[in-house]
Student: 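One structure, pasted below without further comment.
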Amino acid sequence: MHRRHFLRSAAAAAGLMPLAARPALATLYQTAAKAAGDLEAIRGDGRAVTLPASAIKDLAASLRGPVLLADSAGYDSARRVLNPAIDRRPALIVQPTGAADVSRAVHFAAAHGLLVAVKCGGHSFSGMSTCDKGMQIDLSGMRSVRVDARARRAYVEGGTLLGLVDHEAAAHGMVTPLGTVSHTGVGGLTTGGGFGRLARTYGLAVDNVVGVDVVTADGRVRHADAQEHADLYWGVRGGGGNFGVVTSFEFQLHPFAGTVTAGEVVFPIARAREVLRFYAEWSQRAPDALYVDFVMAQPPGGKDGVALLHVCYCGDHADRDLAPLRTLGTPTANTIKAQRYVDFQRSGDYSDVRTMGEYMKSGFTTGIDERLIAGIVDGFEGHAARSTAVLTQHAGGAIGRQPVGSCAFPHRHAQHALMAAVSWKVGDDGAPHMGWARKYWATIEPLTSGFYINEVNDESRAVLNANYRENFPRMVAVKSQYDPNNLFRLNANVQPA
């Protein structure tokens, strides 16, 4: 999603460092682990375990990709995620080059009962894609897309970033709906649900998954679709990482002209209540082709805050369907224009967020009424030392027309995803800012209904279970079948029976 982009823009941070370089391609295919001795690690249940040096060397010798230890080149960049408030150090990192490597890594982790984290794009706010003293499976070496234009299918490796899918599909005049930031990992985005700018037209990412290849907790590579392992196929689409590591996705593609009318209209933050009230009404009656988000943001240092509407329209009647915007009067800025969809998908990208710690709370709404408008606007407080933002992501449309039980994602009632987020300079104490966000969210949360599992943070077991709604019993059954020992627990976790 573009929530990070708004925090970045509000902060107006300068001098961002480039992303740490990945190991050279030649290094990627070497077994880099050369353990000098036994390795202290941690099990999924929190107990300590010692990994013999011989076992680590045997694992490395069985893989095509490298095993990284704390003193290995590339370890530090691999372990890091986009939220620098998360600073964890896995005992070992496996960088597979394909499903066979993933299978061997999972076998090893299961044999030793290791805590396992799976990293694709590293966007998890709460750091679920890394861990302390466990095994991280880093899928960055598994990034490719093959398009079958005749069948209208895209075959996508599990570590791929969504911008590559957009790019390859666009070359054939097609699209599948994926996210709003091009360097988001397809795996994490899709298994959680997959909101994006075209979801109101074509459905969520999970609604466009035709089949998957999954390495389950026993190390087997299983193909799952509507006919084969249909229960696993159901669970992967909305159950997050609960059931295994998806090494390949098959997406349905849709014919697409490639051009959207998109951009932002920006107003002073003093007009936030008026803009939000307009948004609440307009977004509810919008055609499926119109995607529009509300953002209220205050940068640090006393700079001017903004209230804006973020628009992406993929229909044929832009003048007519965007005309209501003119009733808001003259904005301070208006960037809406016809542009390539793939360009707009990159507009929220950033080079490195690791200079800013981040924290977020989120929930779904069935509409935005006056009580919610008052809670959002009246409780909002900027701060000189942080960026503060509250924003929505437009749902409804085609998203809500799928049956609740069609896949594990249960929130077909959602009309908007609502998020409150703060970010602060790395090195500063983030506790006061997180504390404010929790207090602010506590006044809004009673007006929401469930939350997006890709934004799981510090929720209780009871809250997590309830969030799967009527799909929870089937989730438990699928979890019990494919991961009875809860190897894959760093997610919005469903515990096996």
Side-chain angles (χ1 to χ4, degrees), residues 1-3 5 121 123 152 154 156 161-163 165-166 169-170 174-182 184-210 236-238 240 249 251-262 279 282-295 309-315 321 341-342 344-348 362-367 391-404 406-419 449-455:
M1 283 193 256
H2 52 289
R3 53 189 179 267
H5 165 60
H123 278 242
R152 296 182 180 176
V156 180
L161 305 183
L162 68 87
V165 185
D166 290 339
M174 295 184 185
V175 76
T176 199
L178 290 172
T180 57
V181 173
S182 77
T184 304
V186 170
L189 174 92
T190 301
T191 57
F195 286 87
R197 295 183 175 105
L198 300 182
R200 286 174 46 78
T201 301
Y202 299 116
L204 296 171
V206 289
D207 300 328
N208 290 272
V209 173
V210 178
V236 164
R237 294 177 299 135
F249 294 88
F251 286 102
Q252 178 183 358
L253 296 176
H254 305 271
F256 189 65
T259 300
V260 293
T261 302
Y279 172 78
W282 189 44
S283 63
Q284 285 287 94
R285 59 182 175 84
D288 290 358
L290 175 59
Y291 168 93
V292 56
D293 294 340
F294 168 83
V295 183
L309 298 176
H310 175 94
V311 173
C312 182
Y313 179 78
C314 63
D321 290 340
Y341 172 70
V342 292
F344 196 52
Q345 284 287 85
R346 291 194 294 263
S347 66
S362 73
F364 292 118
T365 79
T366 54
L391 56 145
T392 68
Q393 186 155 39
H394 203 180
I399 298 170
R401 289 194 284 273
Q402 287 287 333
V404 170
S406 62
C407 66
F409 178 85
H411 300 288
R412 302 296 177 172
H413 65 286
Q415 294 299 310
H416 309 89
L418 178 65
M419 292 154 274
S449 176
F451 63 91
Y452 189 27
I453 65 166
N454 282 353
E455 289 149 8

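Side chains included, hydrogens not; waters and symmetry mates left out as well; all remaining heavy atoms used. Treat the numbers as computed from the prediction; the structure is a model and nothing was measured.
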Student: If I compare all heavy atoms of Ala286 with all of Leu290, which pair ends up nearest, and what's the gap?
Tutor: CB-CD2, 3.7 Å
Student: Out of curiosity, Gln393 CD to Ser362 OG, how far, rounded to the nearest 0.5 Å?
Tutor: 10.0 Å
Student: Evaluate the ring planes of Tyr202 and His254, with Trp represented by its six-membered ring, and classify them as parallel (under 30°), tilted (30 to 60°) or perpendicular (over 60°).
Tutor: parallel
Student: May I ask you to decide if Tyr341's main-chain N or O and Arg197's side chain share a donor-acceptor pair within less than 3.5 Å?
Tutor: no
Student: Quick one: closest heavy-atom pair of Leu162 and Gly179, and the distance?
Tutor: CD2-CA, 3.9 Å
Student: Identify the heavy atoms of Leu204 and Gly193 that sit nearest to each other, and give their distance.
Tutor: CB-O, 3.4 Å
Student: Could you measure the distance from the CD1 atom of Ile399 to the OG1 atom of Thr201? Nearest 0.5 Å is fine.
Tutor: 9.5 Å
Student: State the NE2-NE2 distance between His416 and His394, to the nearest 0.5 angstrom.
Tutor: 4.5 Å
Student: Can you tell me which residue among Tyr291, Phe344, Phe195 is in a side-chain contact (heavy atoms from CB on, under 4.5 Å) with Thr180?
Tutor: Tyr291
Student: Which heavy-atom pair separates Ala199 from Ala398 by the least distance, and what is that distance?
Tutor: O-CB, 3.8 Å
Student: Can any side-chain N or O of Asp321 pair as donor or acceptor with the backbone N or O of Pro287 at less than 3.5 Å?
Tutor: no
Student: To the nearest 0.5 Å, what is the distance between NE2 on His123 and CG on Asn454?
Tutor: 11.0 Å
Student: Which atom pair, heavy atoms only, marks the closest approach of Ser182 to Arg346?
Tutor: OG-CG, 3.8 Å
Student: Within the distance-only criterion (no hydrogens, no angle test), does the side chain of Arg200 pair as donor or acceptor with the backbone N or O of Ala289 below 3.5 angstrom?
Tutor: no
Student: For Gly121 versus Leu161, what's the shortest heavy-atom pair and its separation?
Tutor: CA-CD2, 4.1 Å
Student: Under the side chain to side chain contact (heavy atoms under 4.5 Å, CB included) rule, what do Thr190 and Leu178 come out as? Steps first, then yes or no, please.
Tutor: CA-CA 8 Å; Thr190 301; Leu178 290 172; 3.9 Å; yes
Student: Show your working on salt bridge (charged side-chain N to carboxylate O under 4.0 Å, His left out) between Arg401 and Asp207 and close with a plain yes or no.
Tutor: CA-CA 11 Å; Arg401 289 194 284 273; Asp207 300 328; over 6 Å; no
Student: When you look at CZ of Arg152, are more than 12 heavy atoms from neighbouring residues, nucleotides or ligands closer to it than 6.0 Å?
Tutor: no
Student: Would you call the rings of Phe249 and Phe251 parallel, tilted or perpendicular if under 30° counts as parallel and over 60° as perpendicular?
Tutor: parallel
Student: Applying side-chain contact (heavy atoms from CB on, under 4.5 Å), can you list everything that pairs with Ile453, at least two apart in sequence or on another chain?
Tutor: Asn467, Tyr468, Ala492
Student: Which residues pass the side chain to side chain donor-acceptor pair (under 3.5 Å) test with Ser449, sequence neighbours left out?
Tutor: His413, Arg469
Student: For the pair Thr176 (side chain) and Gln252 (backbone), establish whether a donor and an acceptor sit closer than 3.5 Å, ignoring hydrogens and angles.
Tutor: yes
Student: Please work out which of the three classes, parallel, tilted or perpendicular, describes the rings of Phe294 and Tyr279, given edges at 30° and 60°.
Tutor: tilted
Student: Could you grab the distance from atom CZ of Arg237 to atom CG of Asn208, nearest 0.5 Å is fine?
Tutor: 10.5 Å
Student: Mind checking the OG1-CG spacing from Thr392 to Asp293? Nearest 0.5 Å is all I need.
Tutor: 4.5 Å
Student: Could you tell me how the ring of Phe364 sits relative to the ring of Tyr452: parallel (under 30°), tilted (30 to 60°) or perpendicular (over 60°)?
Tutor: tilted
Student: If only atom types and distance count, is the side chain of Gln284 paired as donor or acceptor with the main-chain N or O of Gln415 below 3.5 Å?
Tutor: no
